[in-house]
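A, B, ... follow the sequence lines: proteins, then strands. Residue 1 opens every chain. Note that these values count all heavy atoms, side chains included, but never hydrogens, waters or copies made by symmetry.
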Number of protein chains: 2
Amino acid sequence: MTSRPARAPEGARGDLFDPLCPTRRLLDRIGTKWTSMAVKVLAEAAPEELRFAALQRRMPGVSQKMLSTTLRNLVRDGLVERRVEPTVPPRVHYRLTALGLSLDGPLAAVRAWAEEHMAEIDRANRLSDERAEED
Amino acid sequence: MTSRPARAPEGARGDLFDPLCPTRRLLDRIGTKWTSMAVKVLAEAAPEELRFAALQRRMPGVSQKMLSTTLRNLVRDGLVERRVEPTVPPRVHYRLTALGLSLDGPLAAVRAWAEEHMAEIDRANRLSDERAEED
DNA sequence: CAGCATCCCGTGCGATACTG
DNA sequence: CAGTATCGCACGGGATGCTG
């Protein structure tokens, strides 16, 4: 994930069925393991900034490499702003841009649905598993 | 993807930071390449059913294998209902369950955001690329 | 018609180690 | 402190071929 093409859409203004359709490309971003969590954490802290270490503390399990990669991609996408204090050692601060904040709306809807309905999905899975065993 | 663990959450009712948190697990599902498109197509057709071939026709680029896999996972998750007509050759019909339909709400919000804002993300990417070249 | 089985490759991502 | 570099592997997913 170190470098991501994210090429401009070219003739990809087509509907959802185009492999380069906007939704597919957005999901390729927020579908990566740590991205949506980073957006959520930054959205909760907004309008304050968060430093790298603070972000890592609020995202248990993330490695330095993946957090760094995730943030770099978010910055590149214009969803996050990065500010470096020129001290030694340097302090780096992150916060959502207006665009990033606007994305947290739809993401919050997804989170709400997940909180409310994932248990039903788990139930459906258990039912399917039982049916599969008693064949 | 032939088999998916999707194990019950155990003690995973924790917040977003749990690796088994509901949002993370939901994104693992709708983040797969064809899932959200299948949900959209089925939601548009609702309450009518769609046959396998009709789904494939409405999802250009999907292979039989991936469509089959995607649908099997959706059925297993209780988001899609599968009905087989016992004829020869068989006709198989799919439609969203109530749970699946409810998921289309948040997904529609994500789609709307993507349609409206992906161009800005592309612009941000181009800007970053230019800055990177003129170093 | 609606799949499942097999082969194969790209890459997301974790673990570990090093640096200005 | 806030990263980058390297290694390694599991896995998503495409191509192809077979079947009830």
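Residue B/Arg72 places no side-chain N or O under 4.0 Å from the OP1 or OP2 atom of C/dG3. A close approach under 4.0 Å does occur between a side-chain nitrogen or oxygen of A/Tyr94 and OP1 or OP2 of D/dG3. For the pair B/Arg82 and C/dG3, the criterion of a side-chain N or O lying under 4.0 Å from OP1 or OP2 is met. An OP1 or OP2 oxygen of C/dA2 is reached within less than 4.0 angstrom by a side-chain nitrogen or oxygen of B/Arg51. Contact between the side-chain N/O atoms of B/Ser68 and the OP1/OP2 oxygens of C/dA2 is not found at any separation under 4.0 Å.
The CD atom of A/Gln56 sits 14 Å away from the C1' atom of C/dA15 (whole-angstrom rounding). Residue A/Trp34 contributes atom CH2, which lies 10 Å from atom C1' of C/dC13 at whole-angstrom precision. When the P atom of D/dG12 is taken as reference, atom CE of B/Met37 falls 18 Å away, rounded to whole Å. Rounding to whole angstrom units, CZ of residue B/Arg24 and P of C/dG12 are separated by 14 Å. Rounding to whole angstrom units, CE of residue A/Met59 and C1' of C/dC13 are separated by 13 Å. Following rounding to the nearest Å, B/Phe52 (CZ) and C/dC4 (C1') show an atom-to-atom distance of 11 Å. Remark: P of C/dG12 and CD1 of A/Ile30 are 16 Å apart, rounded to the nearest angstrom. Here D/dT16 presents its P atom at 16 Å from CE of B/Met66, a figure rounded to the nearest Å.
Around atom CZ of B/Arg123, no more than 12 heavy atoms belonging to other residues, nucleotides or ligands sit under 6.0 Å away.
Between C/dC4, C/dC1, D/dG13, one nucleotide has an atom nearer to the side chain of B/Pro89 than all others, and that is C/dC1. Comparing atom distances between the A/Lys33 side chain and each of C/dC13, D/dG3, C/dG3 picks out C/dC13 as nearest. Looking at the side chain of B/Gln64, the nearest of the listed nucleotides C/dG3, D/dT4, C/dG14 is C/dG3.
A/Asn125 contributes atom CG, which lies 8.5 Å from atom CG of B/Asn73 (distance to the nearest 0.5 angstrom).
For B/Arg76 (side chain) and A/Ala124 (main-chain N/O), no donor-acceptor pair under 3.5 Å exists by modelled atom type.
On a pure distance criterion of 3.5 Å, no polar donor-acceptor pair joins the side chain of A/Lys65 and the base of D/dG3.
A/Asp104 and A/Lys40 make their closest contact through OD1-CA, 4.2 Å (heavy atoms, listed as atom of the first residue, atom of the second, distance). For B/Arg95 against B/Pro47, the heavy-atom pair with the smallest separation is CD-O, 4.3 Å.
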